[in-house]
Number of protein chains: 2
Amino acid sequence: MDRLNLLSFSPFRLNRLATEFSQALAADYARFGIDIPEWRVLATLGQHDDPRSAAYVVRCTRTHKSRISRAVSHLIELGLVERLEGGDDRREIMLRLTATGRATYAELVPILRAREDALLSGFSEAQKRDFERLLGVLEESLGLVRDREG
Amino acid sequence: MDRLNLLSFSPFRLNRLATEFSQALAADYARFGIDIPEWRVLATLGQHDDPRSAAYVVRCTRTHKSRISRAVSHLIELGLVERLEGGDDRREIMLRLTATGRATYAELVPILRAREDALLSGFSEAQKRDFERLLGVLEESLGLVRDREG
DNA sequence: CGTTGTTTGTTGCGCTTGCAACTTTATGTA
DNA sequence: TACATAAAGTTGCAAGCGCAACAAACAACG
């Protein structure tokens with residue numbers, strides 16, 4: 001009988017790793033009162049100086065629009081993001097970081113980089129490059145082609 | 001100002017890949033009326049001929065016991081799993097697949113293997129080996145050492 | 001025996017999530 | 001103009017989740 005070892009089954013392993021990774025990072029976000037989808041909004045807006053629409057954030061983060069909508073609401077409550085009304089298309093609501101939001105972003109980025117480094121610390125430099133490349137291949141074959149704009 | 005590209009941030013990429021992987025597989029489980037945690041129970045019990053306790057399933061799958069408890073209840077409703085009472089330790093409830101459960105397992109395994117192959121189809125054979133190895137290193141450094149029993 | 005602490009498994013509860021329906025605005029067609 | 005269609009965001013709702021509290025069964029010790 002053909003049996004399958006769950007612990008060597010790639011989807012399971014990948015899922016477990018991603019969960020652990022995320023939980024490790026969640027502790028860092030939590031210090032600023034935000035969670036994962038909120039961090040994603042912050043990260044997307046933080047990459048640009050000009051305002052971006054919620055739809056743009058949805059595309060970049062590949063996160064459902066209802067989640068983004070709620071994340072944005074919370075970030076506005078926290079004073080990290082502001083809505084800019086009065087654009088060409090009045091359906092779109094342009095978003096950008098406030099001064100506090102930019103400060104939070106600037107504070108968070110090095111912390112997250114350090115966490116990433118720690119998580120990848122078991123890799124040699126060559127393995128890090130391999131890892132990046134393999135992730136790229138997987139993304140490619142899953143149709144998650146990376147948006148250079150993001 | 002130090003900026004971080006979300007799309008090249010490993011935790012984000014890993015999370016997205018794991019989500020996509022899982023969703024692709026969820027379609028396969030759904031045909032049998034089960035979801036991811038239920039599949040994990042099925043997979044764990046299917047690996048062994050002798051019954052195992054719920055605690056054993058919890059350890060192998062690294063899934064919260066409340067989730068496992070509910071998954072088991074549903075699998076019993078579906079007639080795929082049965083409880084064996086009357087063991088030495090009456091707190092433990094030994095679990096094993098029913099005939100239907102074994103048939104479902106036998107039917108599901110090749111489907112899932114095919115799905116895994118499809119997902120890894122972008123890799124060369126050498127890259128597949130690299131991928132396995134790199135996952136192992138990450139698991140090691142995250143303390144998710146693989147239980148050989150699983 | 002009794003008492004205290006530990007382990008197994010279940011369940012109540014609050015929170016988060018994604019889906020779908022909805023509002024509002026823009027676009028296309030006549 | 002009128003009308004249908006599409007897109008951007010929001011929100012109601014039901015399902016899923018983990019946490020913590022819990023009951024039941026064991027273990028250790030006096």
Side-chain angles (χ1 to χ4, degrees), chain A residues 12 15-16 18-27 29-30 33-41 44-45 51-78 81-96, chain B residues 12 15-16 18-27 29-30 33-41 44-45 51-78 81-96:
Chain A
F12 173 74
N15 206 50
R16 219 159 43 111
T19 302
E20 295 282 330
F21 257 67
S22 295
Q23 282 178 356
L25 292 173
Y29 312 142
I34 65 178
D35 62 13
I36 293 175
E38 286 157 15
W39 149 250
R40 289 183 182 174
V41 173
T44 305
L45 297 180
R52 302 281 162 151
S53 72
Y56 175 82
V57 177
V58 167
R59 282 193 302 276
C60 287
T61 62
R62 316 259 180 178
T63 306
H64 196 274
K65 61 181 182 171
S66 63
R67 248 169 120 179
I68 295 299
S69 173
R70 285 164 178 142
V72 167
S73 297
H74 190 215
L75 289 171
I76 290 174
E77 277 180 41
L78 294 175
V81 166
E82 60 188 349
R83 283 183 228 259
L84 303 177
E85 317 230 354
D88 284 0
D89 188 335
R90 282 190 305 171
R91 290 172 306 182
E92 285 186 342
I93 298 175
M94 302 304 274
L95 304 167
R96 77 168 167 208
Chain B
F12 173 74
N15 206 50
R16 219 157 44 110
T19 303
E20 294 282 331
F21 258 67
S22 295
Q23 282 178 355
L25 293 172
Y29 312 141
I34 65 178
D35 62 13
I36 293 176
E38 286 157 14
W39 149 249
R40 289 182 181 175
V41 174
T44 304
L45 297 179
R52 302 282 163 149
S53 72
Y56 175 82
V57 178
V58 166
R59 282 193 301 275
C60 287
T61 63
R62 317 258 180 176
T63 305
H64 196 274
K65 62 180 181 172
S66 64
R67 248 168 121 179
I68 296 298
S69 173
R70 285 164 178 141
V72 167
S73 297
H74 190 216
L75 289 171
I76 290 174
E77 276 180 42
L78 294 175
V81 165
E82 60 188 349
R83 283 183 228 258
L84 303 177
E85 317 229 355
D88 284 1
D89 188 334
R90 282 190 303 173
R91 288 172 306 181
E92 286 187 342
I93 299 176
M94 301 306 273
L95 304 167
R96 75 168 168 208

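Every chain is numbered from 1, with letters handed out A, B, ... down the list of sequences.
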[N] [atom2] sits how many Å from [X] [atom1], rounded?
X	N	atom1	atom2	result
D35(B)	dT17(C)	CG	P	18 Å
R59(A)	dG9(D)	CZ	C1'	14 Å
R62(B)	dG18(D)	CZ	P	15 Å
R67(B)	dC19(D)	CZ	P	11 Å
H74(A)	dC15(C)	NE2	P	13 Å
E38(B)	dA15(D)	CD	C1'	13 Å
Q23(A)	dC17(D)	CD	C1'	12 Å
I36(A)	dC15(C)	CD1	P	18 Å

Please tell me if the side chains of [X] and [Y] come closer than 4.5 Å, counting only heavy atoms from C-beta onward.
X	Y	result
N15(A)	F21(B)	no
V57(A)	L45(A)	yes
T61(B)	V41(B)	no

[X] side chain N/O closer than 4.0 Å to the phosphate oxygens (OP1, OP2) of [N]?
X	N	result
R83(B)	dT10(C)	yes
S69(B)	dT10(C)	yes
H64(A)	dT17(C)	no

Sidechain-backbone polar pair: S69(B) side chain, K65(B) backbone, donor-acceptor under 3.5 Å: no

Can you check whether D35(B)'s main-chain N or O pairs, donor with acceptor, with E38(B)'s side chain at less than 3.5 Å? yes

Closest to the R70(B) side chain: dG9(D), dC19(D), dG18(C)? dC19(D)

Counting heavy atoms from C-beta on, name the nucleotide in dT17(C), dC19(D), dG9(D) closest to the side chain of P37(A). dT17(C)

Is it true that R40(A) and T63(A) share a donor-acceptor pair across their side chains at a distance under 3.5 Å?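 T63(A) vs R40(A): donor-acceptor pair found between side chains.
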
One character per nucleotide, please: for nucleotides 21-28 of chain D, 5' to 3', B when the base has a protein heavy atom closer than 4.0 Å, S when only the sugar-phosphate does, - otherwise. ---BBS--

Enumerate, atom names and distances included, each donor-acceptor pair closer than 3.5 Å involving a side-chain atom of residues 81-88 of chain B, sequence neighbours excluded.
{"from": "E82(B)", "atom 1": "OE2", "to": "R96(B)", "atom 2": "NE", "distance (Å)": "2.9"}
{"from": "E82(B)", "atom 1": "OE2", "to": "R96(B)", "atom 2": "NH2", "distance (Å)": "3.4"}

Using a heavy-atom cut-off of 4.0 Å across all strands, would you classify I93(A) as base, sugar-phosphate, or nothing? sugar-phosphate

Base, sugar-phosphate, or nothing: which does S53(B) touch, judged by heavy atoms less than 4.0 Å apart? sugar-phosphate

